[in-house]
Amino acid sequence: MNAPTELAKVMASQPHAVLGYKDFSLGSFGFRRDEYFAHISWKTQDGRPMSHTMDIGNFLRALMRDVAWGFFYGWVNFDEVFGTVNHYTSVDLYGGSFNGSMKAAGVDCLENFPSDQIRATFEQMLDDWTNAEFDPFAAPQETGSPYGRKNGYNTAKITRARELAKRCVGLKDDLALRTDERGAPVNRAFADVPQDQPELHPEPGFENEVHAFNLFAFLSRSQVTWNPSFTSVVKYSFMCPTTEEHMLPIIHGNDRVEWFFQMCDEIHWNSADKNTGKPLARLIMKAGDMAAMPAYCRHQGYSPKRSMLLVWENGSPSLVYEIQKGESPEVPVQF
Ligand code: PHB
Ligand code: FE
């Protein structure tokens, strides 16, 4: 065998010096990135070393959602092996624990962390591992490459913040619409979406009380995909219309029932048992279709063309415990 080159020696002893990415750890989990992959390592229940590899683009797209959604409702599976479970003040981090085969083989690991600790590590990892040209919230055709050696940061795109409206968006003294005024262009896939606004005829004196706007025109200008970023909140009823293109970057495992209304085009869903990953159903949703995801499933959607989806969540903080105690149903309707 040839003697190792100088570069190979540096790579072996100091990978950071060559690739430029930091390593991270949480409990017995280790995280490392190279030009193409995220490498996750842990110790199995009987102390053996175990590891898992993910495409770095897929890993960063999933990590972006987990961070931005505050660990979401229930399970955020980055893929069939690795992910998080939200307990709302703490978060489980797991490798293989919800993969039937790995669990049976005893090569899984699950550790619980305070939400603040895992959030801080995930935020740092997302910032360090996302290069200047890659936007993990953008559709794959609308962003640069996630691959290669460390090449700058994209902090602005990974820290997009939610803006809160106090009343109907567009009313005086509240948020302006993020449409023409702010320069967001209509997405290439939504060139046919009418941009006209509804006519308003409030009685004199009620001009500041009555308002309406064109939701489809608003959504047609969304810069991000697979992000319930624009939400109406009425008590615990959260209506989250979103625009979707390519795949949902996570496999979401429910801890409550969740509804989908396909508002245009189509999304194909795979649904599986949330504990094992065993396939349960295949669902082709076309414009106008509605579906409910039961609390015992996980699901991942594929949108061949950018589409509009309304996700309806029950945000009640006690619901997950009511379901665990059998006081609330796991399904939306009993036939
Ligand atoms: C889901 O997990 O149900 C989900 C998440 C984000 C979306 C759409 C659906 O944009
Ligand atoms: Fe979901």
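Bear in mind that the values here come from a model prediction, so they are computed numbers and not experimental data. Both ligands and their constituent atoms are indexed starting at 1 by order of listing.
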Worksheet item: Under 6.0 Å from the six-membered ring centre of Tyr153 and within 45° of its axis: does the NZ or CZ of Lys150 meet both?
Response: yes
Fill in: Any donor-acceptor N/O pair, Asn214 side chain to Asp196 backbone, under 3.5 Å
yes
Worksheet item: Any side-chain heavy atom of Phe29 sitting closer than 4.5 Å to one from Ser41?
Response: no
Response to the item:
Residues with a heavy atom under 4.0 Å from ligand 1, by chain and number, are Trp69, Phe72, Trp226, Asn227, Pro228, Thr242, Glu244, Leu248, His252, Glu258, Phe260, His299, Leu309, Val311
Discussion item. Tell me whether the rings of Trp42 and His52 are parallel (<30°), tilted (30 to 60°) or perpendicular (>60°).
Written reply: tilted
Discussion item. Would you call the rings of His299 and Phe260 parallel, tilted or perpendicular, taking 30° and 60° as the class edges?
Written reply: perpendicular
Worksheet item: When hydrophobic residues are tied together by side-chain contacts of less than 4.5 Å, even through go-betweens, does Trp75 share a cluster with Leu93?
Response: no
Discussion item. Tell me whether the rings of Phe24 and Trp129 are parallel (<30°), tilted (30 to 60°) or perpendicular (>60°).
Written reply: perpendicular
Practice prompt. Check the Fe ion (ligand 2) and write out every protein N, O or S atom at under 2.8 Å, as residue and atom.
Written response: His252 ND1, Glu258 OE1, Glu258 OE2, His299 NE2
Worksheet item: Would you call Arg33 and Leu60 a side-chain contact if the rule is heavy atoms closer than 4.5 Å?
Response: yes
Worksheet item: Hey, what's the ring geometry for His211 with Phe213, parallel, tilted or perpendicular (30° and 60° as the breaks)?
Response: tilted
